[in-house]
Amino acid sequence: GENVEQHPSTLSVQEGDSAVIKCTYSDSASNYFPWYKQELGKRPQLIIDIRSNVGEKKDQRIAVTLNKTAKHFSLHITETQPEDSAVYFCAARSGGSNYKLTFGKGTLLTVNP
Amino acid sequence: GAGVSQTPSNKVTEKGKYVELRCDPISGHTALYWYRQSLGQGPEFLIYFQGTGAADDSGLPNDRFFAVRPEGSVSTLKIQRTERGDSAVYLCASSPGLRTDTQYFGPGTRLTVL
C-alpha cells in the first residue's frame with residue numbers, strides 16, 4: 001500500500017519567515033494530495049490540496065508543489081504568523097482507490113512572535 | 001451548514017468493556033470514513049462507507065472493531081472487549097460522494113481505555 005514520509009517532525013520559525021514542509025510518497029499511481037492543519041485538540045482542517053495533473057497551486061500565503069517524477073510534494077507558507085502554529089499533515093490518495101487517504105506523521109510548526 | 005459532529009467528545013472505559021462512538025456526517029454526504037489517530041501520529045484509515053454499505057473495511061485492526069451506517073447517514077463505530085492499545089482519537093470524516101476529493105473531518109472522540 002501507500003506510504004507517506006513527512007519531514008521535518010518539528011519546525012520553529014520567526015514570525016514573517018517562510019516555512020517549508022516536505023513529503024514523499026511511494027505509490028506512483030497516487031493522484032490527490034491534501035494538506036491538513038490541526039490545532040491542539042481540534043479537528044484536522046483542509047488548507048490546500050493538489051491533484052496529480054497540476055505541478056503547483058497557490059492560495060494567498062500558502063502554496064503546494066508536486067513533483068510526480070520524484071514522488072514528493074511540499075507545503076510552503078510565506079509571511080508566517082503566530083496563528084499558523086499547529087500540526088500540519090500531508091496525505092496521499094492512492095490511485096487504486098477513490099477515497100483512502102494515507103497520512104504522514106505530521107509536522108509541529110511553531111511561529112515565534 | 002453544520003460540520004461533521006461526533007459524540008461523545010471523550011470516553012473513558014475499562015479494559016474489556018464495550019464502547020460505541022457516533023458520527024453525524026454533513027447532511028447529504030454519501031461517503032463516510034473512520035480514522036484512528038494515536039498520539040504524535042497522523043490519522044490512519046479504518047473503514048469507508050458509500051451509502052449504507054462498507055465499501056472498504058481493510059483498516060479495521062481486528063474483529064473486535066465493527067462499524068455500521070444503517071440509514072446511510074449516522075454511523076456508529078463499535079469496539080468490543082476494549083484493550084489499552086485501543087486508546088486513541090477516533091476521527092470521522094465525510095465527503096459528498098464519489099469523484100469528490102475533499103474529506104471534512106469531525107472533532108474526534110478521545111477514547112481512553114484504563
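These numbers come from a predicted model, not from an experiment. The analysis underlying the following values was restricted to heavy atoms, covering all of them including side chains, and did not include hydrogens, waters or symmetry mates.
- For chain B, the nearby parts of A:Pro44 are the backbone and the side chain; heavy atoms of each come within less than 4.5 Å.
- Hydrophobic clustering of Ile, Leu, Val, Met, Phe, Trp and Tyr side chains at less than 4.5 Å, counting indirect connections, keeps B:Phe105 apart from B:Ile26.
- At most 12 heavy atoms of other shown residues, nucleotides or ligands fall within 6.0 angstrom of atom CD in B:Glu14.
- Around OH of A:Tyr32, the count of heavy atoms belonging to other residues, nucleotides or ligands within 6.0 Å exceeds 12.
- Going from atom NZ of A:Lys100 over to atom CD1 of B:Ile47 covers 11.5 Å, rounded to the nearest 0.5 Å.
- Both A:Tyr25 and A:Ile48 sit in one connected hydrophobic cluster of ILVMFWY residues. Membership requires side-chain heavy atoms under 4.5 Å apart, directly or through other members.
- Taking B:Pro43, B:Gly108, B:Ala93 one by one and counting their heavy-atom pairs under 4.5 Å with chain A, the maximum is reached by B:Pro43.
- Shown here is A:Glu79, whose CD atom has no more than 12 heavy atoms of other residues, nucleotides or ligands within 6.0 Å.
- Under the 4.5 Å side-chain heavy-atom criterion for grouping Ile, Leu, Val, Met, Phe, Trp and Tyr, A:Val87 is connected to B:Leu91 within one hydrophobic cluster.
- The most heavy-atom pairs under 4.5 Å with chain A, out of B:Gly40, B:Gly42, B:Gly59, come from B:Gly42.
- The environment of B:Leu114 atom CG is dense: over 12 non-hydrogen atoms of other residues, nucleotides or ligands sit within 6.0 angstrom.
- Looking at B:Ser9, there are no atoms closer than 4.5 Å to chain A (heavy atoms on both sides), in backbone or side chain.
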Working for side chain to side chain contact (heavy atoms under 4.5 Å, CB included), residues B:Tyr35 and A:Leu101: CA-CA 10 Å; B:Tyr35 291 84; A:Leu101 294 179; 3.5 Å; yes
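- For the atom pair CG of A:Leu46 and OH of B:Tyr104, the computed distance is 7.5 Å after rounding to the nearest 0.5 Å.
- A pairwise comparison of heavy atoms in A:Tyr99 and B:Gln103 identifies O-NE2, 2.6 Å as the closest pair.
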Derivation of the side chain to side chain contact (heavy atoms under 4.5 Å, CB included) call for A:Gln38 and B:Gln37: CA-CA 12 Å; A:Gln38 188 175 31; B:Gln37 186 174 26; 3.0 Å; yes
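- Among the candidates A:Arg43, A:Lys105, A:Gln45, the residue making the largest number of heavy-atom pairs closer than 4.5 Å to chain B is A:Arg43.
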